[in-house]
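Report on the following structure.
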Protein chains: 2
Amino acid sequence: MTESSTAPRPTLEAVAARAGVSRATVSRVVNGGDGVREPLVERVRRAVDELGYVPNQAARSLVTRRHDAVAVVIAEPETRVFADPFFALQLRGISKELTAHDSQLVLLLTEGRDDHVRVGRYLAGGHVDGALVFSLHLDDRLPGLIHGAGVPTVYGGRPGWGDGTRGAVYVDSDNRGGAREAVRHLVALGRTRVAHITGALDQTSAVDRLDGFRDVMVDADPRLIVEGDFTPAGGERAMRELLDRCPELDAVFAANDLMASGALRVLRERGRRVPEDVALIGFDDMLPVAEQTDPPLTTVRQDIEEMGRLMARLLLRGLDRRSATEPAAAGSVAQSGLVGAPSSVVLPTTLVRRASA
Amino acid sequence: MTESSTAPRPTLEAVAARAGVSRATVSRVVNGGDGVREPLVERVRRAVDELGYVPNQAARSLVTRRHDAVAVVIAEPETRVFADPFFALQLRGISKELTAHDSQLVLLLTEGRDDHVRVGRYLAGGHVDGALVFSLHLDDRLPGLIHGAGVPTVYGGRPGWGDGTRGAVYVDSDNRGGAREAVRHLVALGRTRVAHITGALDQTSAVDRLDGFRDVMVDADPRLIVEGDFTPAGGERAMRELLDRCPELDAVFAANDLMASGALRVLRERGRRVPEDVALIGFDDMLPVAEQTDPPLTTVRQDIEEMGRLMARLLLRGLDRRSATEPAAAGSVAQSGLVGAPSSVVLPTTLVRRASA
DNA sequence: GTAGGATCGGGGAGCGCTCTCAACACCGCG
DNA sequence: CGCGGTGTTGAGAGCGCTCCCCGATCCTAC
């Protein structure tokens with residue numbers, strides 16, 4: 001039977017005693033070991049192993065003010081999130097990158113607006129070295145709170161224009177460009193009555209995709225644009241409305257795959273053949289959805305995992321640089337809290353042609 | 001422009017000075033405030049507000065040995081996980097419960113076997129008060145490592161029988177009972193040639209569902225049982241094989257909804273009508289999948305979010321009790337590291353009848 | 001062989017907090 | 001009016017670690 005935490009964990013002191021050196025020497029070895037001669041390093045290493053020594057992070061943070069931990073804030077009030085693998089993929093990317101840098105991932109899920117204050121307080125509390133923030137809605141006050149907390153931050157997706165977002169560093173997909181490409185493809189197919197099911201318009205990604213749609217369909221009949229909400233049910237609803245308003249439409253660009261799948265069901269239900277009667281394009285290339293519909297979905301791919309990885313990389317890089325320049329940089333630390341501000345990144349998208357368009 | 005972390009955060013000392021009391025008094029107020037007279041409490045509170053004081057968690061942990069943080073370990077080598085909302089839902093449940101207890105969630109995603117050692121080291125490092133572990137595979141050495149780390153742990157799903165699993169506390173669904181109910185339903189429908197697509201048999205949930213199947217189909221034709229892997233593609237593969245082996249089958253119980261959806265596609269492709277020719281039941285009641293197939297899936301529901309919440313609750317309760325009994329309890333601390341070991345919990349499942357069976 | 005320089009190791013001072021313990025105040029009761 | 005008791009407050013000692021600084025050490029070159 002394990003008596004957990006019964007055995008007091010060995011301290012630096014204990015290791016030092018065992019190896020017959022001073023604490024400082026052990027500390028040096030544990031933290032990289034330069035400046036200590038080989039035989040000693042060896043002896044310390046052995047002592048560490050024998051004792052099963054693991055540094056006490058709390059003690060270390062207390063003096064270094066570093067935590068080797070990054071908060072990931074997912075600000076999603078709706079259950080919706082969990083229906084799509086989006087976050088899981090981002091998390092995976094982030095996790096990989098953080099692990100490679102020996103940083104931990106502290107996950108902050110917010111349920112409602114009240115939670116934002118809690119998150120703000122947590123970040124202000126200096127528990128983490130930085131924050132990665134997702135899924136903002138335009139009216140969120142989170143950026144303001146985060147800004148106030150003064151924690152280096154990278155956003156996933158371009159934040160809105162609210163408080164604290166000016167100069168924020170973010171990683172985003174080329175939503176507008178991707179949308180343009182999708183719609184152009186539909187046009188190239190000879191479709192003339194192209195409709196658009198938007199995402200939830202309180203998110204910049206939805207707005208950008210709508211803009212992309214408009215870039216190509218410059219004077220689109222306003223009846224051909226319906227607001228959705230990124231869910232399959234929303235896609236169904238929107239598709240019904242489109243069909244009612246404008247039965248002669250011959251193509252649909254949905255702002256994500258989930259809505260496209262809903263739209264697809266409605267189209268079939270109403271007896272339209274896809275892609276013969278109506279061509280359909282989604283967005284995301286969410287494999288389990290896009291590949292498994294019938295017909296498989298033509299869609300705009302964004303590399304979600306890579307986005308996560310990149311966010312983490314940007315943050316960590318900024319952090320490193322900051323600690324490197326520590327004393328001098330006070331003045332040049334920008335809004336993001338990152339030195340020499342790594343600028344935002346917009347990743348390209350690619351059109352994946354399957355059967356639906 | 002925020003100069004992040006430029007202003008040194010106020011310390012207890014500073015608050016004490018401002019309020020004209022001693023550090024100890026401020027500490028008392030900050031930690032609940034009993035034993036301090038009202039006017040003083042008031043004065044300290046004000047000083048805290050004015051200074052924007054936030055306790056330094058590192059310093060606190062250093063002396064209390066508590067971290068108010070729990071690790072969530074997801075041991076999933078395959079990408080598969082991220083295709084289903086399973087973890088997201090569990091995480092949500094866990095997050096809610098932890099938040100209510102002012103605990104943080106440290107997420108540890110493991111990529112491959114090597115990561116297990118890293119995780120073990122992290123847990124042993126005493127960074128967190130406890131751990132919640134998911135998605136074990138039978139041959140995992142993670143339980144052994146965790147056991148060795150001596151961290152109070154609750155497993156999600158019954159762990160296997162390997163090293164360190166004896167006496168482990170877990171939360172699971174009644175996989176076997178749920179499977180039985182599903183199969184009985186098929187039998188009640190008058191189906192006689194009932195097939196089963198199992199999950200990945202290195203996970204206890206898959207094994208248990210198979211056992212439940214066998215409980216009802218006592219002498220099932222072995223050709224009617226095919227091993228799947230919990231993915232839609234695996235479901236397709238398995239369904240093809242079943243159909244080839246045994247074209248006359250009239251019902252299928254798939255060990256999860258994802259595989260059921262794959263099976264459904266194959267059934268349709270081969271011209272079988274569901275449920276007329278072949279009745280189909282899944283497991284999980286994963287809404288985005290189960291409700292959106294055509295026909296919608298009859299399935300066995302398990303309350304995934306509740307499982308997560310329960311795991312967290314069990315862990316936290318054990319932790320509390322442990323710290324309450326601290327000095328005396330050394331001897332009675334069981335395998336799980338939890339005092340007065342809250343025992344494992346198996347949650348009931350319910351059959352959700354939709355159109356597929 | 002020894003002086004000089006460069007490098008390495010050890011001692012000690014905290015980081016910010018909690019917690020024990022002693023001092024003190026104030027109450028009621030004898 | 002004094003004494004014990006109860007209840008508050010303050011002082012101080014660390015928790016385990018890093019990092020600075022100075023003395024010790026080692027090597028090289030003359």
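As a basis for the values below, the full set of heavy atoms in this structure was taken, side chains included, without hydrogen atoms, waters or symmetry mates. Each chain gets a letter, A, B and so on, in the order its sequence line appears, and its residues count up from 1.
Taking only side-chain nitrogens and oxygens, A:Asn56 never comes nearer than 4.0 Å to OP1 or OP2 of D:dC15. For the OP1/OP2 pair of D:dC19 and a distance below 4.0 Å, the side-chain nitrogens and oxygens of A:Arg23 include no atom meeting the criterion. For A:Arg37 and C:dC8, the shortest distance from a side-chain N or O to OP1 or OP2 is not below 4.0 Å. Proximity of B:Thr25 to the phosphate of D:dG10: a side-chain N or O atom is located under 4.0 Å from OP1 or OP2. Contact between the side-chain N/O atoms of A:Ser27 and the OP1/OP2 oxygens of D:dT18 is found at a separation under 4.0 Å.
Counting only heavy atoms from C-beta on, B:Ser22 has its side chain closest to D:dA11 among C:dC17, D:dA11, C:dG9. Closest to the B:Thr11 side chain, of the nucleotides C:dG16, C:dG11, C:dA13, is C:dG16. You'll find that the side chain of A:Pro55 is closest to D:dC17, out of C:dC19, C:dC17, D:dC17.
Place B:Gly35 and A:Val30 on DNA chain D by their nearest nucleotides, and B:Gly35 ends up nearer the 5' end.
In terms of polar N and O atoms assigned as donor or acceptor, the side chain of B:Arg28 comes within less than 3.5 Å of the base of D:dG10 in a complementary pairing.
Atom C1' of nucleotide D:dT18 and atom CD of A:Gln57 are separated by 12 Å, given to the nearest angstrom.
Between A:Phe87 and A:Phe134, the ring planes lie perpendicular to each other; the angle is over 60°, past the 30° to 60° tilted range.
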